[in-house]
Amino acid sequence: MPELPEVEVVRAGLAPAVTGATVSSVEVFDARSLRRHDPTAGDFAARVTGQRFSAAVRRGKFLWLPLADPPEESPSFSALLVHLGMSGQVLLREAGAPLADDGPVRIRLMLQHPEHGELALHFVDQRIFGSMAVDRLVDTSDGAPGGLGDSRALVPSQVAHIARDPLDPAFSDAAFLASLHGKNTGIKRALLDQTLISGIGNIYADEALWAARVHFAQPAATLSRRKARALLTEARLVLAKALAEGGTSFDAQYVNVNGASGYFSHSLNAYGQQGKPCPRCGRALVREAFMNRSSHFCPHCQRLRVPRLLQS
DNA sequence: CCTCACACCTGGGTGC
DNA sequence: TGCACCCAGGTGTGAG
């Protein structure tokens, strides 16, 4: 469940269940799902077992559950970091729910919540591009809250280089627009660059570009201020609308913490719509190879515009 | 520095 | 049926 709306659906679902809950046990069934865990930070299971979560927090596509109490030997706070990669899921189940029902469960946490009692947290990940880790929390560079869900100005060290997402109140439109101007690359690459703006992936990049009528390969620096601003607005709109519809689910792989799908796939205008008529002009949408994957766009509405200065 | 190709994985779908 | 090949919501790394 990978882009901002899908990760936010998971965060919002986890928050009431994990906040205040204590981890009673940890089972790692596949150590490859700890690719982001630094072994020098200590054994993953040992670092999490017995800990209490204080919140569920998200920036972009990164999710973390801060641990309420720092370890005795260290003064710094840390968090259970979660990234879903391409195929990760976090499912909340009744204690004793069979693992086999949920596909490849890579890690299971048993939680004890003061009000809700015992429940199981299943980290499922087909392709193992996602991972869990224990990571230390560091100060944010701008002094604003690290992400949605925690008012403290802290982020996991592995998230410190990730830009704020466009739904974050502390996101700086001006800084983002200025950074586009200095980029020597196409606009879609810039939208997907999580150090410039986070939370946007292949689906919502294509949707935002379609809505703003911008070609994916348009050099980022050649977008007018007005066009760049419009694109940012469309990105916000599509993320917010997808979130309101529970995210995009093409199959059972992308679900909320209860295993339910989102509905935004019915609202897609461009992504995966190659061959179908453009909802705006009626001409056929196309798919083109891009960065080892695909771009979907309308060749009529989204033209590549080469500035006169660069023509020769 | 900056940009880009590639590696990291599994499984579903398609066409021969 | 078998099997090669293409495809998939992401990110970190290292070459150039």
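Per chain, numbering begins at 1; letters A, B, ... match sequence-line order.
- Contact annotation for A/Thr248: base contact, defined as any heavy-atom pair under 4.0 Å involving a base atom.
- Under the Watson-Crick and G-U wobble criteria, each requiring two contacts below 3.5 Å, nucleotide B/dC9 is left unpaired.
- An OP1 or OP2 oxygen of B/dT10 is reached within less than 4.0 angstrom by a side-chain nitrogen or oxygen of A/Arg32.
- Between the side chain of A/Arg293 and the base of C/dG10 there is at least one donor-acceptor pair of N/O atoms closer than 3.5 Å.
- Taking side-chain N and O atoms only, A/Arg189 has a distance below 4.0 Å to OP1 or OP2 of B/dC4.
- To the nearest 0.5 angstrom, A/Asp150 atom CG is 10.0 Å from A/Leu148 atom CG.
- Spacing between C/dC6 and B/dC6 at atom P, rounded to whole Å, works out to 14 Å.
- An aromatic stack links A/Phe129 and the base of B/dC8, using centre distance under 5.5 Å and interplanar angle under 30°.
- Within the 4.0 angstrom heavy-atom criterion, no nucleotide atom of any strand lies near A/Phe290.
- For the pair A/Arg127 and A/Gln158, nearest-nucleotide mapping onto DNA chain C gives the more 5' position to A/Arg127.
- Proximity of A/Arg36 to the phosphate of C/dG12: a side-chain N or O atom is located under 4.0 Å from OP1 or OP2.
- Within 4.0 Å (heavy atoms only), A/Tyr204 reaches no atom of the nucleic acid at all.
- When each of B/dT3, B/dC6, B/dC8 is scored by its nearest atom to the side-chain atoms of A/Thr185, the top-ranked nucleotide is B/dT3.
- Checked against C/dG10, B/dT3, B/dC6, the side chain of A/Pro2 finds its nearest nucleotide in C/dG10.
- Across C/dT13 and B/dC9, the matching P atoms stand 14 Å from one another, rounded to whole Å.
- In the set B/dT3, B/dC6, C/dT11, the nucleotide with an atom closest to the side chain of A/Asn184 is B/dT3.
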task = Start with the C-alpha distance between A/Asp101 and A/Arg93, add both sets of side-chain angles, then the distance that settles salt bridge (charged side-chain N to carboxylate O under 4.0 Å, His left out), and finish with yes or no.
result = CA-CA 10 Å; A/Asp101 293 354; A/Arg93 300 302 194 200; over 6 Å; no

ask   = Do A/Arg293 and A/Asp206 pass the salt bridge (charged side-chain N to carboxylate O under 4.0 Å, His left out) test, and can you show the C-alpha distance, the side-chain angles, and the key distance before you say yes or no?
value = CA-CA 12 Å; A/Arg293 33 170 49 147; A/Asp206 281 359; over 6 Å; no

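- Closest to the side chain of A/Gln194, from the set B/dT3, C/dT11, C/dC7, is C/dT11.
- Counting to the nearest Å, the P atom of C/dG12 and the CG atom of A/Leu192 are 14 Å from each other.
- The phosphate of C/dG10 has neither OP1 nor OP2 within less than 4.0 Å of any side-chain N or O from A/His83.
- Rounded to an integer number of Å, the gap from A/Arg35 CZ to B/dC9 P is 6 Å.
- When the side-chain nitrogen and oxygen atoms of A/Lys183 are compared with OP1 and OP2 of B/dC2, none of them lie within a distance under 4.0 Å.
- Across the protein-nucleic acid pair, A/Asp193 atom CG and B/dC2 atom P stand 11 Å apart, rounded to whole Å.
- A straight line from CD1 of A/Ile200 to C1' of C/dG10 spans 14 Å, rounded to a whole angstrom.
- What separates CD of A/Gln274 from P of C/dC7 is a distance of 11 Å, to the nearest Å.
- Distances shorter than 4.0 Å separate none of the side-chain N or O atoms of A/Gln126 from OP1 or OP2 on B/dC9.
- Salt-bridge annotation for A/Arg58 and A/Asp165: present, with a side-chain N of the basic residue lying under 4.0 Å from a carboxylate O of the acidic one.
- The side chain of A/Ser294 contributes no N or O atom lying less than 4.0 Å from OP1 or OP2 of C/dC7.
- At most 12 heavy atoms of other shown residues, nucleotides or ligands fall within 6.0 angstrom of atom OH in A/Tyr263.
- As rounded to whole Å, 13 Å separates atom C1' of B/dC8 from atom CG of A/Asp30.
- Residue A/His296 contributes atom NE2, which lies 10 Å from atom C1' of C/dA8 at whole-angstrom precision.
- Other residues, nucleotides and ligands contribute at most 12 non-hydrogen atoms within 6.0 Å of the CZ atom of A/Arg136.
- Between A/His161 and C/dG12, a side-chain N or O to OP1/OP2 separation shorter than 4.0 Å is present.
- Protein atom CZ of A/Arg59 is 14 Å distant from nucleotide atom P of C/dT11, rounded to whole Å.
- Environment of NE2 in A/His116: crowded, with over 12 heavy atoms of neighbouring residues, nucleotides or ligands closer than 6.0 Å.
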